[in-house]
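Note that this is a predicted model, so its numbers are computed, not measured.
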Amino acid sequence: MNITSIQHFAESTQYTSLIVLIIMLIEWGTLIITSIIENKKEGLVSILSYLIQNIPYFLLAKIMIVGVMFWLHQYRLFDLGYEWYVWIIAYLIYDFMVFFIHLLGHKVRIL
């Protein structure tokens, strides 16, 4: 091996470290992007499976609530009417009941 072959080798490999660095940066960027995509895909799949799983429960609960409301309407003790203030009072009572049931859920373990 003579000096000219060593110079030729050095000239041909002078940009090798730069090329390797660029390839490493591309690989690093690709890993980060695919990791982000994988994380988001897992989250999206998790959310979609939760929604699909709970659709029957949601619909059945609403059907049962509406059914019970129609059934109880037959046995009402009095009529409140359809005045504007009746709707406001009814909403306030409903909101208080939701709060009270939520509070009971914190106090009574079975709820």
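Leu104 contributes atom CG, which lies 9.5 Å from atom NZ of Lys107 (distance to the nearest 0.5 angstrom).
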Donor-acceptor pairs are to be reported for all side-chain atoms of residues 69-78 against protein atoms at under 3.5 Å, with residues two or more places apart or in another chain.
| from | atom 1 | to | atom 2 | distance (Å) |
| --- | --- | --- | --- | --- |
| His73 | ND1 | Arg76 | NH1 | 3.1 |
| Arg76 | NE | Asp79 | OD1 | 2.6 |
| Arg76 | NH1 | His73 | O | 2.7 |

Could you list the donor-acceptor pairs under 3.5 angstrom formed by side chains in residues 52-61, with sequence neighbours left out?
| from | atom 1 | to | atom 2 | distance (Å) |
| --- | --- | --- | --- | --- |
| Asn54 | ND2 | Tyr50 | O | 3.2 |
| Asn54 | ND2 | Tyr50 | OH | 3.4 |

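Under the side chain to side chain contact (heavy atoms under 4.5 Å, CB included) criterion, Ile93 pairs with Ile89, Met97, sequence neighbours left out.
Using cut-offs of 30° and 60° on the angle between ring planes, the pair Phe96 and Phe100 is parallel.
Heavy atoms only, all atoms of each residue included: Trp87 and Tyr82 are closest at NE1-O, 3.7 Å.
Trp84 and Val86 fall within the same hydrophobic cluster, where Ile, Leu, Val, Met, Phe, Trp and Tyr residues are linked whenever their side-chain heavy atoms come under 4.5 Å apart, directly or through other members.
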